[in-house]
**Q** 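Right, I'll just put the structure down here and ask away after.
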Amino acid sequence: MSKSVRRAAILHFPSEIVDKPIVCSVIKQFEVEVNIVEAHIEPNADGMMMVFLEGENKEVNRTINFLKERGVKIALPEKGVYRDETKCVHCGACTVHCITKALTLERESMKINFDYDKCIACHLCFPTCSYGALKSSMI
Amino acid sequence: MSKKKEKPSIKRARVKKSIEEINAKIARGEAVVVTAEEMKKIVEEEGVKRAAERIDVVTTATFGPMCSSGALLNVGHTKPRIKIEEAYLNGVPAGTGLAAVDLYLGATALRPDDPRNRQYPGKFEYGGGFVIEELVRGERIVFEAHGYGTDCYPRRSIKSLITIRDLNSAVLLNPRNAYQSYNVAVNADPKRTLYTYMGILRPNFGNANYSTTGSLSPLFNDPYLRTIGIGTRILVAGANGFVFWWGTQHHTVERTEKGIPKAPAATLATVANMKRMDTSFLRGVSITGYGVSLAVGIAIPIPILDEETAQFCAVKDEDIIMPIVDYSVDYPQATGKVLGYANYKALRSGVIKINGKLIETAPLSSYHRAFELALLLKERIEKRVFFLTSAVERLPTEGEDVQLKMLKET
């Protein structure tokens, strides 16, 4: 019996497969709950979807493999958002808008810490950064 | 310093140092320079008198978006000559109305085709602040200008690629920097998110944004402007510069017992050579829904002339209180209403209380970057490449010059 997990994933659908019912197949074939947080799907264009996959670890991994086989590119959240260190000035404007507390102000050094493990790539921080330091690595 | 122990009578005498004496110590490499952060601890541990005797200079700094900033550029004459009436740098319009090839590029200037807030909230991806940063970086800028043609300036237009090295002068000439205290911005609207120059404010007091480096900030360490005045040598974005006037909207407000103003008050007009600046301390910024601006780092040395200057430099975060202002109604409608006060220590802790509700806070100024600039100034003084100046004239603290007026409709 493998343990139950909840993993955030950013799914990138190349335009060739954007019309295929892939998520539907996942729901039918796998014992996982798919919670769609955000989706940008349009005909004939690359699509993206941010999901939480919840279920037994083994089943979630099988789901991810299935998605990969169908041509979906999967990015883990830590690869979905990154901080451009040359641009960040460590002000802290982002911290108050980070719902998972991935971005926090270290009170001693007054520097901004980015805990990638906590990031769910919700992108709420993007408009809060005046310095253009928080970026999406998705194309 | 050993003399004091021999003569107890001197111990009672008040500390009195001149800027000339401090400069002589800097020249000999004997000056004791500390950051404002260190000074708090020194005064606490050693007392004001001993701190005033031992410490010669305290370095203070701030770093954050300062909209009233801009570049005064002389682009050089062309062959044949042109009297510029309209000018663009990377498409961003610069102010003319000066002599033939003198321009002023404001930090908040936008390209004519910028979508602004047409798709709300606007992104404001490029503008004056970015051009200034790119100039300082040494990048090439597309320059375009037009004139109407005269006998002495016959040319009608010019297009060229320029870098800062091609310019006769590139001076950052900022009408208002380093605000002494500032509003803590909140949003009392029950539903609407606000996109302000104080950042994104979530509805129903979702967050509180503030912009100051608190007890490290220059004008909190010299609240009565006893040493900072016209002609004070400072660091602007890493380059030597000066305070050339009091900043626009410089005014006086009610103070706490310790002399800390309870609202935005004094401001400084600053000037420095862009050719010597460092972009670590100068950045174009895109403020969602508001516009473009320029983040500027300013460091100011405070000479410890007597016990009073030492005492003022011992100001603590908890001594600094700032007004909480609602940006859904009170700020835009200029009602003058203040919801309460928050002290900087609480703001920096990450949570403040308004009407019994705990509200998360976020800074817009970078304490970290400001502290680096304070350290840089300390290092320059210790290396004997930065000397202090006496103010040529003090900044006004009373009278007509410190009244803040509103523009009335007629």
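The chains referred to below are lettered A, B, ... by the order of the sequence lines, with proteins before strands, and numbering in each begins at 1. No hydrogens, no waters, no symmetry mates; every other heavy atom, side chains included, goes into these values.
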**Q** Above 12 or not: heavy atoms from other molecules or residues under 6.0 Å from CD of A:E106?
**A** yes
**Q** Rounded to the nearest 0.5 Å, how far apart are NE2 of B:H368 and CD1 of A:I112?
**A** 9.5 Å
**Q** Going by heavy atoms in the side chains, are B:N209 and A:V96 under 4.5 Å from each other?
**A** yes
**Q** Which bit of B:Y195 comes within less than 4.5 Å of chain A, counting heavy atoms only: side chain, backbone, both or neither?
**A** neither
**Q** Between B:G284, B:S211, B:S365, which residue shows the highest count of heavy-atom pairs closer than 4.5 Å to chain A?
**A** B:S365
**Q** For B:K357, I'd like to know if atom NZ has over 12 heavy atoms of other residues, nucleotides or ligands within 6.0 Å.
**A** yes
**Q** Within a reach of under 6.0 Å around CD of A:E42, are more than 12 heavy atoms found that belong to other residues, nucleotides or ligands?
**A** no
**Q** Counting only heavy atoms not in A:Q29, do more than 12 sit closer than 6.0 Å to its CD atom?
**A** yes
**Q** Which bit of A:T128 is near chain B, if near means a heavy-atom gap under 4.5 Å: side chain, backbone, both or neither?
**A** both
**Q** What closest approach, in Å, do A:H97 and B:N207 show between heavy atoms, and which atom pair accounts for it?
**A** NE2-ND2, 3.8 Å
**Q** Do the side chains of B:P65 and A:Y131 get nearer than 4.5 Å, heavy atoms only?
**A** yes
**Q** Between atom NZ of A:K111 and atom OH of B:Y367, what is the distance when rounded to the nearest 0.5 Å?
**A** 14.5 Å
**Q** Count the heavy atoms belonging to other residues, nucleotides or ligands that lie under 6.0 Å from NZ of B:K353, then report whether that count exceeds 12.
**A** no
**Q** Under 4.5 Å heavy-atom distance to chain A, tell me which part of B:S293 shows up: side chain, backbone, both or neither.
**A** neither
**Q** Among B:R348, B:R202, B:E372, single out the residue with the greatest number of heavy-atom pairs under 4.5 Å to chain A.
**A** B:R348
**Q** Measuring heavy-atom distances to chain B, does A:C88 have an atom under 4.5 Å in its side chain, in its backbone, in both, or in neither?
**A** backbone
**Q** Shortest non-hydrogen contact from B:R283 to A:K87?
**A** NH1-O, 3.1 Å
**Q** What is the distance from atom OG of A:S109 to atom CZ of B:F371, rounded to the nearest 0.5 Å?
**A** 11.0 Å
**Q** Under 4.5 Å heavy-atom distance to chain B, tell me which part of A:T104 shows up: side chain, backbone, both or neither.
**A** neither
**Q** Contact part of A:C94 toward chain B, heavy-atom cut-off under 4.5 Å: side chain, backbone, both or neither?
**A** neither
**Q** Between B:S366 and A:V89 (side chain of the first, backbone of the second, donor and acceptor by atom type, cut-off under 3.5 Å), is there such a pair?
**A** yes
**Q** Sort B:T361 into side chain, backbone, both or neither according to what part of it lies under 4.5 angstrom from a heavy atom of chain A.
**A** backbone
**Q** Checking side-chain contact (heavy atoms from CB on, under 4.5 Å) for the pair A:C91/B:L364: CA distance, chi angles, key distance, verdict?
**A** CA-CA 5 Å; A:C91 66; B:L364 300 172; 5.8 Å; no
